[in-house]
Structure formats: C-alpha cells, structure tokens
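Each remark here refers to the structure printed beneath this line.
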Amino acid sequence: MPLVHAVNVHKSFHHNEVLKGIDLDVESGEVVCLLGPSGSGKTTFLRCINQLETIDGGRIWVDGDLAGFVERGDRLHRLPDKAISTQRREIGMVFQRFNLFPHMTALENVMEAPVRVRGRGKREARHRGLQLLERVGLGDHCDHYPAHLSGGQQQRVAIARALAMDPKLMLFDEPTSALDPELVGEVLTVMRELAEQGMTMIVVTHEMGFARGVADRVVFMDGGVVVEQGEPKHVIDNPQHERTRSFLSRIKAEHDEHARAIQEGLQVERG
Amino acid sequence: MTAGAVTGSGLEPTGERPGRIDAVPVRHPGRWVAVAVVAVIAALIINLLVTNAAFNWSFVFQAMVQSPVLHGLIWGTILGTVFSMVFGVVLGVVLAVMRLSENPVLRAAAFVYTWFFRAVPRLVLLSIMGTLGILWQHGLGFGVPETFARWFGSSNAALSFATINANDVFVGLIGGVVGLGLTEAAYMAEIARAGILSVDAGQTEAASALGMSRGKTMRRIVLPQAMRVIVPPTGNETIAMVKDTSLMLAVPVSAEMFFQLQAIGSRTFQTFPAEIAAVVWYLVIGTVLMIVQAQLERRFGKGFGAMTGTQQGTIARLLSFRGGMS
C-alpha cells in the first residue's frame, strides 16, 4: 500500500463542497506538488491528511492506518482525540504563516514536541534540536525568539520543528507564499535538500520552478477534483486539459509581469 | 524618486548642502500655566497634611503598627487577597475553558455561574456568607442527600461521610475568602476567556499537527501566550481585591486591617487618624503590587518584542503610565 492512499475524499464547509471526490496515492519517498488556483481545495485536502479537517466522505489511509476512524463490524467509529493525536505525530506540517510558538526560542520550538509528546529526555532533544537547526542553516540562531527572525528563518525553524518528530510524511501548505521574494530561495533550498534525502513530501505551492525541478509528480486540482497529474515536465510544459493550460498561462503571465516590474524598477534606479 | 526632484524644493540651490539643524523650539506657554496650577494645588495639599493637627500623624503611625492591626493586615488584607485571588484565578480559568468548550452543558453551566456572581454585589454576597449557616443548621454533611437516602430505606447517618459545623465554614476569614473568591472567579473567567481568544488559532493547529493533546496545547502553548493579555487586568483585579478585603467586615471578619483600625478609632475617639492609617497601608500595598505587575508583564511579554532585561526600569515604566508623558 502507498504511504498515503486517499479514495473519493469529500469535504464541505456549510453546504459548500470544497472536495468532490479526491483520489490520490503517494508512495514512500515521493515528492508530490499540488497545483491549482486558489479555492481549488489543495490546502483543504492537505489539512484532511493530518486531520486538521474532518472528511465527510471517502477514506484516507496513512502508512496503512485509516485516518480518524476505526472499522468495527460494518460501521466506522470516530477515533477519540488521543488516538488522532497519535496518528498526527507521524505527519509533519509546515504552515503558510509559520505558526512558530512566539513565547519560545527557536531551539525550544524544536524541542517542545519531542519532549512533551514523545517523552524524550531534554538533553537528547536539545542535541537533536541543535542538529536540525544546523541542518536548516540556523545553528547560530537557536536562542532567538521568532519575533527576531526573518520570515524565511522562521519558516526554516518551522521545518526543523516538524522534522524533530521524525515524521514519515511532511506536508507543506504554501510554505513560501507569506515570504518576501528574496527570502523564498532559502526555504526552497531546505525543502530541496529534504527531498533529496528521501523524505516523502506533499507540497501545495505556486512555485513552478520548485515543482518542475524537485517534484516526482505534480497534481493539478481545480474545483475540488484532480484534473490531471503526471511528471512535472509533462503537466507543466504540455498540459492536456484546458483548465490546466489557462491556470499555467495565468501563473506565467503573473510571473512575467513581476519580472518586467523588477526590470523597470532597475532601469529607473539606474537612470 | 529621481535626482531632478531636489531642485524643485523651496530653497534656492546655493551650492552648499544644508548642515546640522539648530532650530528654535516651539514655545509651550500652556504648559507653564499648568505647572503653576499644579504647584499651587500641591502646596495646598502638603500644607494641609503638615499643619492640620487633625491628622495627628504620630497617632497614625502608632496605630499602623499595633499588633491587632498588623495581624489583620497580614491575615485579612494580604493573605485574604492572596487566597481569594488564587481561588478566583484557578476557578476563573476553569470557567473560561468551560465557556470555550464544545460541550454545551459545560458552556451553559459556566454562563450561569458568571451571570449569577457578576450580578450580586460583593458586599451583599459577603453579608450572606455570614448568615449562610442557616441553611445547614444541623451541620453540613457530605454524602448521599437525606431525601434520597430515605427512599432506599437508609438513615442519613449511614450514608453521610463527614459532617461539619456550617458556621465554622462560612463565618470568619474562610467565609470572606470564599465569598470574594467566588465573585472574583466570575470576573477572571471573562478576563481569561479574552486572553485565550487572543491567541491565534494557528498556534493550536501547529500544536495539534505535532500530536499534542488538547490539554497540553492549552497548558504549554495557549495559556502562556494568553498570559500577556491576562496579566494586566489581573493585576488590576488584585489591587481591587486588596481594597475589597475591607468589605469582609460584612461577614464579619475581625482579623482584617480596616476593621481593626476602625475599632481603634472608635475606642480612642481618633476616628479620622485611624482611617488615614488604613489609607497609608493601602498605598504601600498598592505600590508594591504595581511594581510586581510591571515585572510580570515584562516576563510574559517574552518573545513579543517587549522590553527585556533592564532596558527600562520598573519605576520609570510605572511612572510613564503607558505611553509616557509628553
């Protein structure tokens, strides 16, 4: 069985159906990018995988375990909160807005869950925390509070914090969307290294360069369904569906517009 | 911005670049008038305090250190405040968590509690505390209620675990502390609720995503951040509580500072200086508490860009009254 096995996933918010039957398998070690316009349900689907949202229909299995429910007889029983927490430990999540704990230093953020949830010793957790911060290039920032770190640094601490739980799967919810353009690169670099080390990753992103260069597969979603998926070069360079094509050309236009604005800005400065 | 824009300004280009500014400051004549008025009023007050014999300062300071007064200060005023506030804060946080719970029964119970204790005045409640013993004239029993016990053909005594004299519970300092603590919990519940709601939902999500349980998320992540919002009004509540311990005379509680000073006042016919003695003690306690509050605010402001270490003195911060004088 694949690491993530989602079948016919449905989710509504107040009669507004956001996910209309998503099927998706992610193999262990695979990097999958979810693309699509805003409101297409990518983020909601990601949040369903680690049960920040409860699904209304379908099933999701993570590492062979049915997420959120247990099947007894021929009925599904909702799992108690404690069991759901146990399932979530195996899944790391990185948020668009970082969501670091502001009252803790970078190192304390990284140590918190291993110590309080896994029950590891403080010394062991500290040692591992320092290693992880080193790995995301923030070894000398471990005593800084999040308020004294840049957005890019905060997001890298958030990645280290998720990795500290030794997750089998990492979910990234638009990890670079809240960053200033010059800070995007440092976060993508860390993510790229993580992918090269074999981490299973599902990434919601608008960074086409990352999707093309790092993803094993891209999944294009629109209107709560998967429109098409495949190797990045096939989907991005040669989309089969009209909706994929118009989305990609809009992204490209925005990107070109951005590049032109920067060019003009540079010319004005020089003149 | 282009280089051409500079020549368009009001000054003719002289070839020399403008240097250091040494401008004439704006005069504030109104400020000097205010200083004069305040100085006159201050002088009048000081004159009154020093020269009016009715203050009888030597009596004031003597009264302040009488042993029943000190006993009342420590037990009724200081410990009464500490116990009432601990009682109120703990119960208040529990009520706040109940108010925010998904369980409708807990929500309703917390609402009814808050509704009742916010509506009843403290003085009235404390006075009732003193007479509450009337409800349990045969002692306050813990066990299966008599009515139920009779249905099952058992006598009350057999199913009662412990019986205590109700008057022991409700009269005196315990009654006062319970009365003050119960009302305080209703106010603290609102303060704690506002604090908990002030914490971004993303914090709870991040903690959940790491596999933390709800209880742990509340204790380790939400409450420490909520403290930043909870501490300042709790400080005010504590200072108000110091003052409201004087209401315990309605219970009545004799081991309380103001009660004792009034007693001294009426025994010696020096009512006014005795009351002034109480004022001086309240000022001392109030000052100490304001300093403690400023320290706590700094501690829980950690990581929120608040001042750390000794960047700004506590006293200076107190005197600045948030925002500072201009």
Side-chain angles (χ1 to χ4, degrees), chain A residues 46-47 49-53 80-106 108-119 143-149 157-158 161-167 170-171 173 178 268-271, chain B residues 1-7 93 97-98 100-103 106 192 195-232 295-309 311:
Chain A
L46 201 70
R47 291 166 60 87
I49 296 174
N50 76 343
Q51 302 179 58
L52 288 178
E53 308 290 353
D81 289 347
K82 214 176 160 181
I84 291 176
S85 294
T86 309
Q87 290 187 332
R88 283 188 182 128
R89 286 176 201 176
E90 311 304 324
I91 305 171
M93 177 131 185
V94 174
F95 297 87
Q96 184 177 359
R97 307 277 335 166
F98 330 134
N99 295 350
L100 288 182
F101 306 133
H103 57 303
M104 299 180 185
T105 63
E108 285 166 349
N109 264 279
V110 178
M111 287 169 61
E112 180 68 13
V115 172
R116 304 284 158 186
V117 179
R118 291 250 195 248
D143 290 330
H144 285 48
Y145 284 97
H148 299 137
L149 296 172
V157 174
R161 178 176 69 173
L163 290 176
M165 289 295 280
D166 299 317
M170 285 284 284
L171 307 176
D173 182 14
V268 168
E269 249 170 60
R270 277 195 219 103
Chain B
M1 270 284 194
T2 59
V6 176
T7 42
V93 170
V97 173
M98 282 167 68
L100 298 168
S101 150
E102 281 173 13
N103 183 335
L106 292 182
I196 291 170
L197 287 176
S198 76
V199 178
D200 182 43
Q203 293 290 309
T204 312
E205 285 191 352
S208 306
L210 288 165
M212 283 178 111
S213 68
R214 275 175 198 234
K216 236 172 229 163
T217 303
M218 186 53 85
R219 279 196 309 279
R220 296 282 311 167
I221 307 301
V222 177
L223 283 179
Q225 293 182 61
M227 288 307 271
R228 200 169 51 101
V229 173
I230 292 173
V231 164
Q295 298 281 12
L296 281 177
E297 277 177 38
R298 206 156 56 188
R299 201 192 126 149
F300 286 108
K302 208 168 60 172
F304 287 93
M307 299 278 179
T308 51
Q311 280 172 301

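Lettering of chains follows the sequences in order, A, B, ..., and the numbering in each one begins at 1.
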request  = Assess whether atom CZ of Arg214(B) is packed by more than 12 heavy atoms of other residues, nucleotides or ligands within 6.0 Å.
outcome  = no
Minimum heavy-atom distance between His103(A) and Ile221(B), given as atom pair plus value = CE1-O, 3.7 Å
task = Measure across Ser213(B) and Ser85(A) and return the closest heavy-atom pair with its distance rounded to 0.1 Å.
result =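 Residues Ser213(B) and Ser85(A), closest heavy atoms: CA-OG, 4.0 Å.
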remark   = Residue set satisfying side chain to side chain contact (heavy atoms under 4.5 Å, CB included) with Arg219(B), at least two apart, ordered chain then number -> Lys216(B)
task = With sequence neighbours left out, write down each residue that passes side chain to side chain contact (heavy atoms under 4.5 Å, CB included) with Thr204(B), or none if nothing qualifies.
result =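 Scan of Thr204(B) (side chain to side chain contact (heavy atoms under 4.5 Å, CB included), adjacent residues dropped) gives Ser208(B), Thr217(B), Val222(B).
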Relative to chain B, which segment of [X] carries a heavy atom at a distance below 4.5 Å: side chain, backbone, both, or neither?
X	value
Phe95(A)	side chain
Leu100(A)	backbone
Ile91(A)	backbone

query = For chain B, which of Met165(A), Arg116(A), Gln51(A) has the most heavy-atom pairs under 4.5 Å?
reply =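 Of Met165(A), Arg116(A), Gln51(A), Arg116(A) has the most heavy-atom pairs under 4.5 Å with chain B.
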ask   = If you count heavy-atom pairs under 4.5 Å with chain B, which of Arg161(A), Met93(A), Lys82(A) comes out on top?
value = Arg161(A)
Residues of residues 195-203 of chain B contacting chain A, heavy-atom criterion under 4.5 Å, by residue number =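 Asp200(B), Gly202(B), Gln203(B), listed by number.
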task = For residues Arg89(A) and Leu210(B), determine if any side-chain heavy atom of one lies less than 4.5 Å from a side-chain heavy atom of the other.
result =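 Arg89(A) does not reach Leu210(B) side chain to side chain.
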task = Return each pair, listed once, that meets salt bridge (Lys or Arg N to Asp or Glu O under 4.0 Å) where at least one residue sits in residues 91-100 of chain A; pairs must be two or more places apart or across chains.
result = none
inquiry  = Run Glu112(A) and Met212(B) through side-chain contact (heavy atoms from CB on, under 4.5 Å) and show every step you take.
reply    = CA-CA 10 Å; Glu112(A) 180 68 13; Met212(B) 283 178 111; 3.5 Å; yes
query = What option among Glu205(B), Arg220(B), Met227(B), Gln225(B) has the most heavy-atom pairs under 4.5 Å with chain A?
reply =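 That would be Arg220(B).
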